[in-house]
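For reference, the structure is listed below as structure tokens.
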Amino acid sequence: MTTNDKSTFEYWQASAEKIKPIGQAFISGKYTDSITGSVLDSISPIDSRILGQIANCDRLDVEYAVASSREAFERGCWSQAAPTERKKKLLRFADIIESNREELAILETLDMGKPISDALNIDIPSVVNTIRWYAELIDKVYGEIAPTEVDALALITREPIGVIAAVVPWNFPLLMASWKFAPALAAGNSVIIKPAEQSSLTIIRVAQFAIEAGIPAGVLNVVPGSGEVAGRALGLHGDVDALAFTGSTEVGKYFLQYSGQSNMKPVSLECGGKSPNIVFSDAADLNTTAKAIAAGIFFNQGEICNAGSRLIVHEDIKDELLERVVLESKNYQPGNPLDPATTLGAMVDEQQTQRVMSFVTQGKEEGASLVLGGKRVNPVENGCYIEATIFDNVTPEMSISQEEIFGPVLSITDFKTTEQAIDIANSTVFGLAAGVWSQNIVTAHSVSKKIKAGSIYVNCYDHSNMAVPFGGYKQSGFGRDKSIHALEKYTQLKSTWIDLTPA
Ligand code: NAP
Ligand code: MG
């Protein structure tokens, strides 16, 4: 066994040791300290080690970034470039990210605790795919001509909006950022990213790659720092033309206020979820179903907006399914995320670990039956690890059934009738996603129609493709990431009337 063998823990540990993360802001094509010099510690949840410092940007840094983005936008070096030109540079950007895949995957793992295998095989390739998809799209989007009277010509064109601020969460740090910046940049906007405090390192690194790819300075800026200061300053800024937010429902509501209190900028919100998997007694194969249910909640430590956090199962098959779900869940054992064999990594930080554990305590106090896990464990000393946890006999009113835990905690509720299943599924303020498991085509279709959620997975969970939009109903937000529909958030329609009456 050598340290060149990528299937070994040693390889990734040794590679991680060599990385010196950059924590500065990236504005106008250069790394820069915050104007006050203030910094925040970047902490690894693997073992609570300090990885370095990130710039703690405040209102003045945001002013600087917005001015830089505005200048780039008005200069037209990007916004007025031919779509084929933007495509070429975005494709180069994607290539550079791909060729630095290992370093970025390690940074993601160190910073937020996800398993290296996932960072390497899912997160970074998905970022590359996202950028390529929008690069390839942008020179294939046509305008329209309206069916008006013959003596007029009305052109309907899409124009970039201007300066877009994207405030993003920590669960898929670079991927969630790319779902914003890829379509926004492809459309010709300038973009400012405010990453989450817990996980700023990859987007900071990647901003420099944009310059190497030939994307002009100021077109992609990054301002790390706290949400309450840097995020708020972006939200309230009068020269930010649109806000794209992914994060909690609670913070999403602030962005609507920021818009109302400032320049009425459009806001798109990708917020929380409490997604159900509804399993009917005629589900095809309970082993496959159990595997998907366990993956649906334990992938990424349950820190997924569309985690299938509620299993709603017909009473006739509950015991059988539960047994299999427990068996599948045992494949998710907390371990060092730098070990390629690990499938359940560290929670993002101490605060989130404590928050999830307080839900476990509440679940017990409310009378749910703990059937698996439920403990904080220490596969690495001083780290943030929680076992894959399952509660049975959960009633819809319990807090573990209503609130987004954002951790590896599955709650199980049984039902007798289809109407009851639908009512339970729709009983939260969220509406991001749902799984429906049945062989009966009528059940599958009619239940899918009645579930108030942006994505429905029938006999599967968390299928995804860049061509398919993603986003929520209800308090899971509005606006869609991914697909051609994401362009709607980053462009505005212009109607141009040309009078054709002969002179
Ligand atoms: P969060 O606490 O809402 O934070 C999201 C972002 O908002 C962070 O950059 C945060 O900065 C910033 N922020 C916090 N308070 C702010 C304020 N008062 N004003 C302006 N910005 C502020 O969410 P999170 O804990 O990072 O991420 C988890 C949440 O994201 C979950 O609810 C999850 O469901 C949601 N999510 C949704 C989707 C989707 O597509 N629907 C995808 C992924 C995640 P700080 O770093 O300083 O807190
Ligand atoms: Mg961190």
Side-chain angles (χ1 to χ4, degrees), residues 9 43-48 109 112-119 170-171 198 273-275 277 289-311 313 318-319 321-394 398-401 403-413 461-462:
F9 184 21
I43 298 168
S44 176
I46 295 177
D47 52 9
S48 300
T109 290
M112 69 71 66
K114 70 171 61 206
I116 186 70
S117 304
D118 293 345
W170 44 256
N171 60 335
Q198 295 94 331
K274 190 72 188 174
S275 302
N277 258 305
T289 312
K291 208 186 245 316
I293 286 164
I297 181 65
F298 300 128
F299 171 57
N300 213 48
Q301 301 73 244
E303 296 164 322
I304 304 201
C305 51
N306 64 337
S309 51
R310 292 183 295 149
L311 170 57
V313 51
K318 192 192 85 176
D319 290 345
L321 182 61
L322 174 57
E323 196 179 305
R324 296 176 198 209
V325 171
V326 167
L327 211 61
E328 286 295 337
S329 302
K330 290 184 177 160
N331 294 326
Y332 295 86
Q333 297 293 341
N336 191 318
L338 283 170
D339 184 341
T342 292
T343 48
L344 191 67
M347 305 303 296
V348 72
D349 64 7
E350 180 60 34
Q351 193 185 344
Q352 182 66 6
T353 308
Q354 289 185 14
R355 186 169 174 275
V356 173
M357 287 311 297
S358 79
F359 276 111
V360 173
T361 307
Q362 272 182 65
K364 290 184 201 159
E365 285 170 3
E366 287 176 325
S369 322
L370 182 68
V371 293
L372 186 74
K375 289 194 300 294
R376 183 172 181 169
V377 288
N378 272 318
V380 185
E381 229 176 296
N382 300 319
C384 300
Y385 301 87
I386 296 177
E387 290 174 323
T389 297
I390 301 178
F391 279 105
D392 190 11
N393 301 317
V394 175
M398 289 181 187
S399 61
I400 57 167
S401 185
E403 292 186 46
E404 184 183 43
I405 298 175
F406 223 55
V409 182
L410 176 68
S411 69
I412 303 181
T413 306
Y461 200 77
D462 202 12

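FYI, side chains are in, hydrogens and waters are out, and symmetry mates aren't considered; it's all heavy atoms of this structure.
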| With distance as the sole test, does Y332 use its side chain to make a donor-acceptor pair with the main-chain N or O of T342 at under 3.5 Å? | no

| query | Taking atom CD of E303 and atom CH2 of W170, what is their separation to the nearest 0.5 Å? | reply | 4.0 Å

| field | Point-to-point distance, once rounded to the nearest 0.5 Å, from CG of N306 to OG of S275 | value | 6.0 Å

| message | Using a 3.5 Å distance criterion without hydrogens, assess whether the side chain of D349 forms a donor-acceptor pair with backbone atoms of Q352. | response | yes

| task | Keeping the roles fixed (side chain from E404, backbone from G273), state whether a donor-acceptor pair exists under 3.5 Å. | result | yes

| query | Can you tell if the side chain of V348 reaches within under 4.5 Å of the side chain of N171, non-hydrogen atoms only? | reply | no

| query | Would the number of heavy atoms belonging to other residues, nucleotides or ligands and lying under 6.0 Å from CD of E350 be above 12? | reply | yes

| Check: V394 main-chain N/O paired with S401 side-chain donor or acceptor under 3.5 Å | no

| message | So S309 and I297, do their side chains get closer than 4.5 Å, heavy atoms only? | response | yes

| Between the side chain of Q333 and the main-chain N/O of K330, is any donor-acceptor distance below 3.5 Å? | yes

| query | If you measure from CE on M112 to CD1 on I43, what distance do you get to the nearest 0.5 Å? | reply | 14.5 Å

| field | K114 backbone acceptor or donor facing T109 side chain under 3.5 Å | value | yes

| query | Quick one: are P45 and M347 in side-chain contact, heavy atoms under 4.5 Å? | reply | no

| Quick one: are T413 and R310 in side-chain contact, heavy atoms under 4.5 Å? | no

| P334 and I386: which non-hydrogen atoms are nearest, and at how many Å? | CG-O, 3.6 Å

| Side chains of P115 and Q301 in contact at under 4.5 Å (non-hydrogen atoms) | yes

| query | Considering only heavy atoms from C-beta outward, does the side chain of R376 approach that of C384 to under 4.5 Å? | reply | yes

| Spacing of CG belonging to L410 relative to CD1 belonging to I400, to within rounding of 0.5 Å | 9.5 Å

| task | Can you see which heavy atom on I405 is nearest to which on V356, and at what distance? | result | O-CG2, 3.8 Å

| Are the side chains of F298 and I390 in touch, meaning some heavy atoms are under 4.5 Å apart? | yes

| message | For a quick test of reading the model, state the closest non-hydrogen atom pair linking S329 to V325 and the distance between them. | response | OG-O, 2.6 Å

